[in-house]
Amino acid sequence: MSKPVKDMIMAEYRERLGEHDALVVTIRGMDAFQTNTMRNDLREKHIRMTMVRNELFNKTFSDSTLAALAPVMRGQNTVVYGAESVVEVAREVVELVKQFPDIELKGAVLDGQLFEGEDGVQRLSKFPTRDEAIAQAVTLVLSPGRNLVGQVLGPGRTVAGLVKAIETKLENGETISAVE
């Protein structure tokens with residue numbers, strides 16, 4: 001392959017994948033019909049697949065967080081990327097493996113950390129997404145305040161309940177006895 005062609009391919013990789021700092025790598029193990037079905041399913045979820053040439057991919061991203069994928073970039077590879085986060089991509093790919101068992105997951109990268117093999121991708125798929133992490137953080141921040149408000153209002157509710165019980169008894173004409 002000539003240098004200008006390699007440069008064009010590397011430029012295409014930068015254009016498609018340059019904004020992503022996390023990817024999932026798979027190896028093809030399916031026929032053309034299954035591949036098209038999988039691509040269409042992923043496209044609906046704003047996830048894309050791109051077959052890559054390992055040497056050019058490694059050369060293109062040698063100075064980025066995607067360089068962590070170099071150990072798993074052997075043989076035929078397809079990178080899967082997109083959606084809101086790589087966790088969502090990993091979840092979708094793990095689901096697709098159930099539908100297409102011939103897919104081999106080679107690994108994923110998130111913030112420069114390599115999650116190697118199918119176990120690594122499954123472990124990554126169990127991470128919270130950005131929105132889920134924000135929700136968990138908000139819950140952690142708000143729960144002490146919620147507990148404090150409950151503690152402050154608790155005695156007041158008890159007194160209000162007693163007053164309501166006395167009021168109901170008096171309205172029904174019952175007498176209230178003194179507590180000793």
Side-chain angles (χ1 to χ4, degrees), residues 16-26 30 34-50 61 64-69 72 78-180:
R16 286 187 184 195
L17 306 170
E19 66 189 44
H20 300 282
D21 61 349
L23 300 171
V24 176
V25 178
T26 63
M30 305 178 304
Q34 291 173 323
T35 301
N36 286 335
T37 302
M38 188 169 81
R39 283 180 186 269
N40 289 334
D41 290 347
L42 291 174
R43 190 177 299 119
E44 290 173 8
K45 297 168 183 146
H46 305 288
I47 299 172
R48 298 197 41 165
M49 293 175 54
T50 300
F61 298 107
S64 74
T65 58
L66 299 180
L69 286 172
V72 297
T78 303
V79 293
V80 185
Y81 57 95
E84 290 291 319
S85 71
V86 71
V87 174
E88 292 177 27
V89 174
R91 287 177 184 172
E92 290 300 324
V93 170
V94 166
E95 287 300 314
L96 284 173
V97 168
K98 293 175 186 172
Q99 186 179 357
F100 302 105
D102 295 334
I103 298 173
E104 179 186 339
L105 300 178
K106 293 180 115 182
V109 66
L110 172 64
D111 295 330
Q113 181 181 356
L114 178 64
F115 294 85
E116 194 166 354
E118 186 170 341
D119 292 337
V121 176
Q122 287 182 350
R123 196 172 70 240
L124 179 63
S125 72
K126 292 178 174 81
F127 280 24
T129 63
R130 181 179 184 274
D131 292 340
E132 292 167 349
I134 289 171
Q136 289 173 354
V138 167
T139 300
L140 284 172
V141 168
L142 293 180
S143 63
R146 187 176 310 131
N147 291 342
L148 179 62
V149 168
Q151 294 296 322
V152 168
L153 294 178
R157 287 188 181 129
T158 303
V159 170
L162 291 172
V163 170
K164 182 67 176 169
I166 292 170
E167 178 185 3
T168 304
K169 283 187 171 192
L170 290 174
E171 285 176 355
N172 293 338
E174 298 177 28
T175 59
I176 301 172
S177 59
V179 180
E180 297 180 17

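Quantities reported herein were computed from a predicted structural model and do not represent experimental measurements.
Contact annotation: the side chain of Val79 never approaches that of Met49 to less than 4.5 Å [non-hydrogen atoms, C-beta and beyond]. Two residues are said to be in side-chain contact when any heavy atoms from C-beta on lie closer than 4.5 Å; Leu170 and Glu174 fail this criterion. Between Thr65 and Asp111, the closest side-chain pair of non-hydrogen atoms is not below 4.5 Å. Gln99 has its side chain within reach of Asp41: a pair of non-hydrogen atoms, C-beta onward, lies under 4.5 Å apart. Side-chain contact between Leu69 and Phe61 is absent, with no heavy atoms from C-beta onward closer than 4.5 Å. Contact of the Glu92 side chain with the Glu88 side chain is not registered, since no non-hydrogen atoms from C-beta on lie closer than 4.5 Å.
Considering Val89, Val86, Leu105 in turn, Leu105 is the only one that fulfils the side chain to side chain contact (heavy atoms under 4.5 Å, CB included) rule with Val121. Remark: of the listed residues Met38, Arg91, Gln34, Met38 is the sole one forming a side chain to side chain contact (heavy atoms under 4.5 Å, CB included) with Leu96.
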Stepwise salt bridge (Lys or Arg N to Asp or Glu O under 4.0 Å) check, Glu95 with Lys98: CA-CA 5 Å; Glu95 287 300 314; Lys98 293 175 186 172; 3.1 Å; yes
Side chain to side chain contact (heavy atoms under 4.5 Å, CB included) evaluation trace for Leu110 with Phe115: CA-CA 8 Å; Leu110 172 64; Phe115 294 85; 3.9 Å; yes
Pair Tyr81-Arg16, side chain to side chain contact (heavy atoms under 4.5 Å, CB included): steps then yes or no: CA-CA 9 Å; Tyr81 57 95; Arg16 286 187 184 195; 3.7 Å; yes
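Smallest separation of non-hydrogen atoms from Ser143 and Leu140: OG-O, 3.4 Å. Nearest approach of Phe127 to Val87, heavy atoms of both residues: O-CG1, 3.1 Å. Between Gly112 and Ala68 the shortest heavy-atom distance is O-CB, 3.4 Å.
Side chains of Arg43 and Asn40: a donor on one and an acceptor on the other come within 3.5 Å.
Under a 3.5 Å cut-off, the side chain of Arg48 and the backbone N or O of Val80 do not form any donor-acceptor pair.
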